[in-house]
Structures are given as C-alpha cells and as structure tokens.
Asks: 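Below you'll find the structure I mean.
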Amino acid sequence: MSTLIDIESSVQSKTSVMRREPTFNKGGSYQFIIGKNLGLHREAIATSIEIVSKFLSSLPKTKKTLNVLDLACGASPVIIAEVMNHFSNYSFEYTGIDINPDQVATCRKFSFPKNVIKKEVIEENAWNLEEHSLKDKVDLVFIGLNTHHGTPEEISFLAKQIFSQLNKGGVFLNHDLFRPEKYPYLRRPKKGLPKNDWRDEWLSGYKSFLKTQGQSEDLAEQGIDHMRNWDYPISMEEMRTILVKIGFRVSTHSYTNPNHPFSNFYGMVVGYKV
Ligand SMILES: C[S@@+](CC[C@H](N)C(=O)[O-])C[C@H]1O[C@@H](n2cnc3c(N)ncnc32)[C@H](O)[C@@H]1O
C-alpha cells in the first residue's frame, strides 16, 4: 500500500536515512546527550511519572499488567524504563521499535527493570504501524525525541495510528524538541537546506553549549549536522492542534532547567484517548 509517508519523505519511510545515522550508532554523539541530560531526559522522566501515576489511579484495581509501546526507542530507552521501574507494583509488557540496527542490537541487551515481564525490540519503521502488525492494543505509547523530524502531515498520519493502537483510556506521551512560538515554522525541504533559516543561531549556540559540557569538536559537529539536516520542529501548540483533531484530549508540559540554555525547546505533549 502506498502511504503519505512513502510519498513524502525519506525520513519516516522504511528506507529512512535514519537507519544509518552516525550520531545514534555506537561511538556516536547521542550517548553523551543522554549521559549529560542534554535532551532533558530527567525532566521527561519526572513529567511522565506524574502523568502515568494519574493514569494508573484511573484503572480498575484488578488491572496490574500494562502494555507499553516505545516508538523510536533507541539503544537506551531510559525514560520509559525509569517510569516502569517507578511503578513497581505493576508489570509491563514492553515493545520497542527502532529503525537503526545498531540501536536495536544494543537495546535488546538493555537492562530493563524486573517488573518488565515481557520485552521485544523490533527493527522497523516506527512511523507507519501498519507496516508491521502489532498484535495487541496498548495502554501507553511513548515516543522520545523523534517527532521533530516530521512534517505536520506525517505527524498526523502517525498520531492517527497511535490513537487506534491505544486502548480506550490509554495515554500517548511525546517527549520532544518543540519550536518556541517566536520562531516561524520551517518546513523540511525535499532536498538540501532551507534559505533564511532561523535555526542557524540556535544550532551554533547549541554547539557551543555541547563543547562547554565537554563534548569533542567532532562529536559536537556530528550532532549539529544531524539537527541541521533533520530537525524541523513544530511547536507544542501545533502538536496539540494535531492531536485534538484526531480525538485526543491533550495536555502540554514545558520544562525549565536553569543549567540548560535551550530547555525552552523541550517539553512533553500528552494525548489521552478518553
Ligand atoms: C534521538 S533518538 C531517541 C531515542 C530515545 N527514544 C530517547 O528518547 O532517548 C532517536 C531514535 O529514533 C530512531 N528513528 C529515527 N527515525 C525512525 C523511524 N522512522 N522509525 C524508527 N526509529 C526511528 C533513531 O534510530 C534513534 O534511535
């Protein structure tokens, strides 16, 4: 079947360039980002725990096992793992999906908490769930630092599939890079880089920040190169509008971290299938 995503993009398709993006591979710049909390993983953990706690209290007392789907899980799915670990009186069945074979191989060896009673990590495109038939509906969908690559149409396409994959009452947590409203939306070009790009200033500031945190010039440039080529974030309000149109009830959560000069670019948008 031909899909919008196949037609539109080489980023969210089966043959995505993300399959081999060096920043995510072993020795790439991304592990440093996680280790130093430069992707605001700690803030995402705290926010997710708050949301999931409310969600669990809405469940029937007899429901003690939850199905979790982690899209674009990466090699170290630390956010959702910490969340599952926090709720030690529940069990979790975890499915992670990532397109990059290196990430999948490492994630399969990741030390998940003991209450994860079943785990599967699939090497696949996470942006079209129709391409691989997930057997069961899920209670929680998490996606971390990935939707900022998509156009609004691609995000809507994915979010519709997430909505169908969720059980009624289920929750979709999206921790991501969101564009502050003061910048205009910049659409990912089909080829090359856009002209009049407000991101130049942001990316050069980000690179300096990475270096003050101790990242080498080479790895900092590798990360910035990835961002320059693939990061075209929508805003939290634009994400809210997309999810509301699909039928989600939505809450948005900004983060503040005085040690991170770009913490206003990060946040969590949560969709509730009520
Ligand atoms: C920035 S990392 C985020 C990893 C993890 N979710 C986190 O929050 O730290 C993005 C991940 O998305 C994966 N990815 C990118 N495009 C994808 C796609 N179309 N399908 C599945 N995974 C994808 C990459 O391989 C990479 O592991």
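Start at 1 and go down the list; that is how both ligands and their atoms are numbered.
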Asks: Is the shortest heavy-atom distance from the side chain of His253 to the side chain of Ile51 under 4.5 Å?
Replies: yes
Asks: Identify, by atom number and element, the atoms of ligand 1 in contact range of Leu145, meaning under 4.0 Å from any of its heavy atoms.
Replies: 1 (C), 10 (C)
Asks: Distance to 0.1 Å, residue and atom name: give those for the protein heavy atom nearest to atom 3 (C) of ligand 1.
Replies: Gly144 O, 3.4 Å
Asks: Indicate whether any N or O donor in one side chain lies under 3.5 Å from an N or O acceptor in the other, for Tyr30 and Ser76.
Replies: no
Asks: Are the side chains of Tyr94 and Phe142 in contact, using a 4.5 Å heavy-atom criterion?
Replies: no
Asks: Give the numbers and elements of all ligand 1 atoms closer than 4.0 Å to a heavy atom of His41.
Replies: 7 (C), 8 (O), 9 (O)
Asks: Which part of Cys73 is near ligand 1, with near meaning a heavy atom under 4.0 Å away: side chain, backbone, both or neither?
Replies: backbone
Asks: Give me the nearest non-hydrogen protein atom to atom 12 (O) of ligand 1 as residue plus atom name, then the distance to 0.1 Å.
Replies: Ala72 CB, 3.2 Å
Asks: Enumerate the side chain to side chain donor-acceptor pair (under 3.5 Å) contacts for residues 51-67, please, sequence neighbours excluded, ordered by first and then second residue.
Replies: Lys63-Asp139
Asks: Looking only at protein heavy atoms, which one is nearest to atom 27 (O) of ligand 1, and how far off is it?
Replies: Asp98 OD2, 2.7 Å
Asks: Among all protein heavy atoms in this structure, tell me which lies nearest to atom 14 (N) of ligand 1, with the distance rounded to 0.1 Å.
Replies: Asn146 ND2, 3.7 Å
Asks: Judged by non-hydrogen atoms, does Tyr30 sit under 4.0 Å from ligand 1?
Replies: yes
Asks: Ring centres of Tyr266 and His260 under 6.0 Å apart?
Replies: yes
Asks: Thinking salt bridges, do Glu123 and Arg19 make one under a 4.0 Å N-O criterion?
Replies: yes
Asks: Would Lys273 count as a cation-pi partner of Phe163, with NZ or CZ less than 6.0 Å from the six-membered ring centre and within 45° of the ring normal?
Replies: yes
Asks: Counting from 1, what ligand 1 atoms have a heavy atom of Trp127 closer than 4.0 Å?
Replies: 18 (C), 19 (N)
Asks: Show the atoms of ligand 1 that are less than 4.0 angstrom away from any heavy atom in Asn100.
Replies: 25 (O)
Asks: Mind checking what makes side-chain hydrogen bond (donor to acceptor under 3.5 Å, both in side chains) contact with Thr106, not counting sequence neighbours?
Replies: none
Asks: Given 3.5 Å as the limit, does a donor-acceptor pair link the side chain of Gln165 with the main chain of Asp136, or not?
Replies: yes
Asks: Under 4.0 Å from a heavy atom of Gly74: give me the atoms of ligand 1 that qualify, with their elements.
Replies: 4 (C), 27 (O)
Asks: Who's the nearest protein heavy-atom neighbour of atom 17 (C) of ligand 1, and how far?
Replies: Ile99 CG2, 3.6 Å
Asks: For Ser263, does its backbone N or O pair with a side-chain atom of Asn257 as donor and acceptor, under 3.5 Å?
Replies: no
Asks: Would you mind checking which non-hydrogen protein atom is closest to atom 2 (S) of ligand 1, with the distance to 0.1 Å?
Replies: Phe24 CE2, 3.5 Å
Asks: Please could you name the atoms of ligand 1 that Glu124 approaches to less than 4.0 Å, counting only its heavy atoms?
Replies: 20 (N), 21 (C)
Asks: Could you list which atoms of ligand 1 come closer than 4.0 Å to a heavy atom of Gln103?
Replies: 27 (O)
Asks: Among protein heavy atoms, which sits nearest to atom 20 (N) of ligand 1, and what does the distance come to when rounded to 0.1 Å?
Replies: Ala126 N, 2.8 Å
Asks: For the side chain of Lys137 and the backbone of Asn167, is there at least one donor-acceptor N/O pair under 3.5 Å apart?
Replies: no
Asks: Note the single closest protein heavy atom to atom 19 (N) of ligand 1, along with its residue, its atom name and the distance in Å.
Replies: Asn125 OD1, 2.9 Å
